[in-house]
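Computed over heavy atoms, backbone and side chain alike; hydrogens, waters and symmetry mates excluded.
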Amino acid sequence: MLNIKKFEFNMFPVNCYLLWDEDTREAAVIDPGLFFDEEKREFASFVKSENIVMRHLLCTHLHIDHVMGCRFVEDTFGTGIEACREDEWMLPDMPQHARLFGFSFDDAGMKVSKYLKGGDTVAVGKYALTVLDVPGHSPGGLAYYLHDADVAGADYSNVLFSGDTLFAGCIGRTDLYGGDHEAILRSIRTRLFTLPDDTVVFPGHGPASTIGREKRDNIYVK
């Protein structure tokens, strides 16, 4: 079975997802927004308690709220950032971006260790995440899709980690650096809304939804 655990980290707050194969214990973390020391302790303690072997550090995009914990995950578990090349230019400017939001973040040395693009797959034990290109919220926005997975304790098998592209009843903002409103609508309509209606959407912020519900009710994509 595949286990999925959601953490809520930092002051924004960001949904961070940990996925691991119950048999192999191999895992991926998506959008590690760990910022406060107690968040880092909580995450590391949970990984240790479950005997998890971290294989992937996946980012849906590289805005500061989603990457605050990347260096901690790299240093603690030995996994490098996997993200889209088109977002990499943001990383050296993280201290400046933090100041715009009124806090300090001094780690300007982060780099992408592996570039991902639409059509790639990421193995988490015996499960495979399909990478989807979803530019709009950022130039290099990515989403991660699991099809027909045996999810522990769940009555669903199709899962989408949508980052800040699609939320429950809303879409990602496009007024930040690199945003493009028409691009995000195109990404949602042509990449996400073509997925099965019963796909559970785990977004970068807020509660989960389904593709069917968003196709029916999301007023921003009419």
State, with a plain yes or no, whether a side-chain heavy atom of [X] is found less than 4.5 Å away from one of [Y].
X: Glu74; Y: Leu57; value: yes
X: Asp164; Y: Thr60; value: no
X: Phe202; Y: Val159; value: yes
X: Thr210; Y: Asp197; value: no
X: Leu166; Y: Val134; value: no

- His63 vs His61 aromatic rings, parallel, tilted or perpendicular, using cut-offs 30° and 60°?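 His63 vs His61 ring planes: perpendicular.
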[atom2] on [Y] to [atom1] on [X], rounded to 0.5 Å:
X: Lys5; Y: Leu18; atom1: NZ; atom2: CG; result: 8.5 Å
X: Asp180; Y: Thr174; atom1: CG; atom2: OG1; result: 7.5 Å
X: Ser157; Y: Asp198; atom1: OG; atom2: CG; result: 6.0 Å
X: Ile81; Y: Leu58; atom1: CD1; atom2: CG; result: 11.0 Å
X: Met90; Y: Gln96; atom1: CE; atom2: CD; result: 13.0 Å
X: Glu22; Y: Leu2; atom1: CD; atom2: CG; result: 9.5 Å

- Query: Leu62 and Ser138: side-chain contact (heavy atoms from CB on, under 4.5 Å), yes or no, with the steps?
  - Reply: CA-CA 8 Å; Leu62 298 179; Ser138 74; over 6 Å; no
Checking the side chain of [X] only, and the main-chain atoms of [Y] only, is there a donor and an acceptor separated by less than 3.5 Å?
X: Ser162; Y: Thr165; result: no
X: Glu8; Y: Pro13; result: no
X: Thr194; Y: Arg191; result: yes
X: Asn10; Y: Gly33; result: yes
X: Glu214; Y: Gly169; result: yes
X: Thr199; Y: Pro196; result: yes
X: Arg189; Y: Lys222; result: yes
X: Asp65; Y: Val14; result: no

- Message: Taking the ring centre of each residue, are Phe35 and Phe103 less than 6.0 Å apart?
- Response: yes
- Check: Tyr144 ring centroid to Tyr17 ring centroid under 6.0 Å: no
Of all heavy-atom pairs between [X] and [Y], which one has the smallest distance, and what is that distance?
X: Leu192; Y: Ile211; result: O-CD1, 3.5 Å
X: Val112; Y: Lys114; result: CG1-O, 3.2 Å
X: Ser187; Y: Pro135; result: OG-O, 2.6 Å
X: Leu142; Y: Leu116; result: CD1-CB, 3.9 Å
X: Ile184; Y: His137; result: CD1-N, 3.8 Å
X: Asn3; Y: Ala152; result: OD1-CB, 3.5 Å

- Could you walk me through whether Val29 and Cys16 pass the side-chain contact (heavy atoms from CB on, under 4.5 Å) check? CA-CA 7 Å; Val29 59; Cys16 166; 3.6 Å; yes
- Residues at least two apart in sequence or cross-chain that pass side-chain hydrogen bond (donor to acceptor under 3.5 Å, both in side chains) with Lys126, listed by chain then number, are Asp21, Asp23
- Task: Give the C-alpha distance, both sets of side-chain angles, the deciding distance and a yes or no for ring-ring contact (aromatic ring centres under 6.0 Å, His included) between Phe72 and Phe43.
- Result: CA-CA 10 Å; Phe72 172 79; Phe43 185 79; 7.2 Å; no
Within a reach of under 6.0 Å around [atom1] of [X], are more than 12 heavy atoms found that belong to other residues, nucleotides or ligands?
X: Phe12; atom1: CZ; answer: yes
X: Lys48; atom1: NZ; answer: no
X: Lys6; atom1: NZ; answer: yes

- Task: State which residue, out of Val53, Val47, Ile52, fulfils the side-chain contact (heavy atoms from CB on, under 4.5 Å) condition with Glu50.
- Result: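 For Glu50, the side-chain contact (heavy atoms from CB on, under 4.5 Å) test succeeds with only one of Val53, Val47, Ile52, which is Ile52.
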- Task: Might you work through the side-chain contact (heavy atoms from CB on, under 4.5 Å) test for Met11 and Met68, ending with a clear yes or no?
- Result: CA-CA 11 Å; Met11 64 287 282; Met68 289 177 173; 3.7 Å; yes
- Task: State whether Arg85 and Glu88 are salt-bridged, where the test is any N-O pair (Lys NZ or Arg NE/NH1/NH2 against Asp/Glu carboxylate O) under 4.0 Å.
- Result: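 A salt bridge is absent here (no side-chain N lies under 4.0 Å from a carboxylate O).
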- Query: Excluding sequence neighbours, so at least two apart, what forms ring pair (Phe, Tyr, Trp, His ring centres under 6.0 Å) with Tyr156?
  - Reply: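 So Tyr156 forms no ring pair (Phe, Tyr, Trp, His ring centres under 6.0 Å) with any residue.
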- Item | Stepwise side-chain contact (heavy atoms from CB on, under 4.5 Å) check, Phe9 with Glu42 | CA-CA 10 Å; Phe9 288 140; Glu42 176 191 1; 3.8 Å; yes
